[in-house]
Amino acid sequence: TRSTRPQRMLKAVQKNATKGNPKSVISAIDYFCKHSEWAMNVGDEKGSILDSVVTEVNPSTVLELGTYCGYSTVRIARLLSPGTKLITLEFNPANAAVAKQIIAYAGLQDKVILVEGSSGDLIPQMKERFGITTFDFIFLDHWKDRYLPDIKLFEECGLLRKGSVLLADNVICPGTPEYLEYVRKSPRYESKYFPAHLEYTKVEDGLEKSVFLG
Ligand SMILES: CCCNc1ncnc2c1ncn2[C@@H]1O[C@H](/C=C/CNC(=O)c2cc(-c3ccc(F)cc3)cc(O)c2O)[C@@H](O)[C@H]1O
Ligand SMILES: [Mg+2]
């Protein structure tokens, strides 16, 4: 049967990137998406903003919602200090399988805990399963209509502390209007919009950074 786009992306990484070199894996995926097939990775423009926020926060506890093929997982994990791991949630087993191989190709498997399942089920399990008290940094990049219910779940589960940083992709395109209204109106968050473009296109998009105020 015909291969899937994630499988073709993995092949491109194995062909064009250098094993153990995260930067080359990132470049190989960006090249594939620019010259072969568009795919919904955060991309290099928004990816640079993600890099700068991760570097600024220098988090000890990290969560990513929506691994997809692991592009942003690799971007984040390569910047974490030694001993720090990121937890990434992916409910599509085929995507998780590709992501696992891309993360391993980058040599970052020891810095990543990839959990197969739905955020709605897994967020309430974070404390007991992974010994998490609160998250320092959360990257939201899963189904756009799930950003709002999941941020409320973080609050209910006591997974945010004063200063926790949430960074959300695609707040313009495809758009997350309810989430954006919530974090911008709520007195419990200090929000900032980082304008950019939809990955590999000239379409307007951006990232919303929201700091929990406690
Ligand atoms: C009910 C399940 C909610 N919880 C969840 N828990 C764990 N993993 C979840 C997930 N939701 C989705 N996922 C996974 O995340 C990934 C989904 C990401 C959704 N992203 C987008 O739709 C998206 C879409 C675009 C896009 C933009 C313009 C366009 F014309 C077409 C697409 C751009 C992006 O940057 C995007 O991130 C998949 O791998 C999916 O299996
Ligand atoms: Mg996205």
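For ligands, and for the atoms within them, numbers begin at 1 and follow the listed sequence. Computed from a predicted model, the values in this text were never measured in an experiment.
For atom 2 (C) of ligand 1, the nearest protein heavy atom (residue, atom name, distance) is F91 CE2, 3.1 Å. At the top of the distance list for atom 10 (C) of ligand 1, counting protein heavy atoms only, stands H142 CB, 3.7 Å. Of all protein heavy atoms, the one closest to atom 32 (C) of ligand 1 is W38 CH2, 3.6 Å. The shortest contact between atom 15 (O) of ligand 1 and any protein heavy atom is with G66 CA, 3.3 Å. Nearest to atom 24 (C) of ligand 1 among the protein's heavy atoms is P174 CG, 3.7 Å. If you check which protein heavy atom lies closest to atom 17 (C) of ligand 1, you get W143 CZ3, 3.3 Å.
Of all atoms in ligand 1, numbered sequentially from 1 with element shown, those under 4.0 Å from a heavy atom of C173 are 28 (C). Distances below 4.0 Å separate heavy atoms of D169 from the following atoms of ligand 1: 35 (O). Atoms of ligand 1 found under 4.0 Å from any heavy atom of N92, numbered from 1 in the order shown, are 41 (O). Close contacts of ligand 1 with S119, meaning ligand atoms under 4.0 Å from a residue heavy atom, involve 3 (C), 4 (N), 5 (C), 6 (N), 7 (C). Near D141, meaning under 4.0 Å from one of its heavy atoms, ligand 1 places the atoms 18 (C), 19 (C), 20 (N), 37 (O). Residue N95 approaches ligand 1 through these ligand atoms, each under 4.0 Å from one of its heavy atoms: 38 (C), 39 (O), 41 (O). Ligand 1 places these atoms under 4.0 Å from at least one heavy atom of Y68: 39 (O).
Residue contact check for ligand 1: Y147 places no non-hydrogen atom closer than 4.0 Å to it. Ligand 1 lies within reach of G117, whose nearest heavy atom is under 4.0 Å from it. In this structure, G120 falls outside the shell of residues with a heavy atom less than 4.0 angstrom from ligand 1.
A salt bridge is defined here as a Lys NZ or Arg NE, NH1 or NH2 lying under 4.0 Å from an Asp or Glu carboxylate O, and R161 with D136 meets this definition. With salt bridges taken as basic N to acidic carboxylate O contacts below 4.0 Å, none links K209 and E190. Between D51 and R78, at least one side-chain N (NZ, or NE/NH1/NH2) sits under 4.0 Å from a carboxylate O, which counts as a salt bridge. Under a 4.0 Å N-O distance rule, the pair E64/R75 does not qualify as a salt bridge.
The nearest pair of heavy atoms linking A28 to N16 is CB-CB, 4.2 Å.
Aromatic pair Y68/H142: centroids not less than 6.0 angstrom apart.
Counting heavy atoms closer than 4.0 Å to ligand 1, residue D205 contributes nothing at all. Contacts between N170 and ligand 1, counted as non-hydrogen atom pairs separated by less than 4.0 Å, involve the side chain only. Of all the heavy atoms of Y200, none lies under 4.0 Å from any atom of ligand 1, so neither backbone nor side chain is involved. Only side-chain heavy atoms of L198 come within less than 4.0 Å of ligand 1; its backbone N, CA, C and O stay farther off.
From L180, atom CG reaches atom CG of L148 across 10.5 Å, with rounding to the nearest 0.5 Å.
The count of protein N, O or S atoms under 2.8 Å from the Mg ion (ligand 2) stands at 3, with waters excluded from the count.
Looking at ligand 1, you won't find any N or O of R146 less than 3.5 Å from one of its N or O atoms. Here's the thing with K46: none of its N/O atoms is less than 3.5 angstrom from an N/O atom of ligand 1. In terms of polar-atom proximity, K144 is counted as a contact of ligand 1, with an N or O under 3.5 Å from an N or O of the ligand. Residue N41 has no N or O atom closer than 3.5 Å to an N or O atom of ligand 1. An N or O contact shorter than 3.5 Å links E90 to ligand 1 by distance. Where the criterion is an N or O separation shorter than 3.5 Å, residue side chain and backbone included, E199 meets it with respect to ligand 1.
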**OP:** Please assess D205 against K202 for the test salt bridge (Lys or Arg N to Asp or Glu O under 4.0 Å), listing each intermediate value before the final yes or no.
**Re:** CA-CA 9 Å; D205 189 21; K202 293 186 169 52; over 6 Å; no

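For the residue pair K185/Y182, the side-chain donor-acceptor check at 3.5 Å is not satisfied. With 3.5 Å as the limit, one finds no donor-acceptor pair spanning the side chains of Y179 and D145. For the residue pair T55/S52, the side-chain donor-acceptor check at 3.5 Å is not satisfied. The closest side-chain donor-acceptor pair between S210 and S191 falls under 3.5 angstrom.
Contact check for D169 versus Y147: side-chain heavy atoms found under the 4.5 Å cut-off. Looking at D30 and E199, their side chains never come closer than 4.5 Å, going by heavy atoms from C-beta outward. Using a 4.5 Å cut-off on side-chain heavy atoms (C-beta onward), F212 and V165 make no contact.
The environment of NZ in K192 is sparse: at most 12 heavy-atom neighbours from other residues, nucleotides or ligands sit within 6.0 Å. By the 6.0 Å contact criterion, NZ on K23 is open, its count of non-hydrogen atoms from other residues, nucleotides or ligands being 12 or less. Heavy-atom neighbours of K144 NZ from other residues, nucleotides or ligands within 6.0 Å: above the threshold of 12.
Pairs of residues two or more places apart, or lying in two chains, that qualify as ring-ring contact (aromatic ring centres under 6.0 Å, His included) and include a residue from residues 6-32 are Y31-H35.
For atom 30 (F) of ligand 1, the nearest protein heavy atom lies 4.0 Å away or farther.
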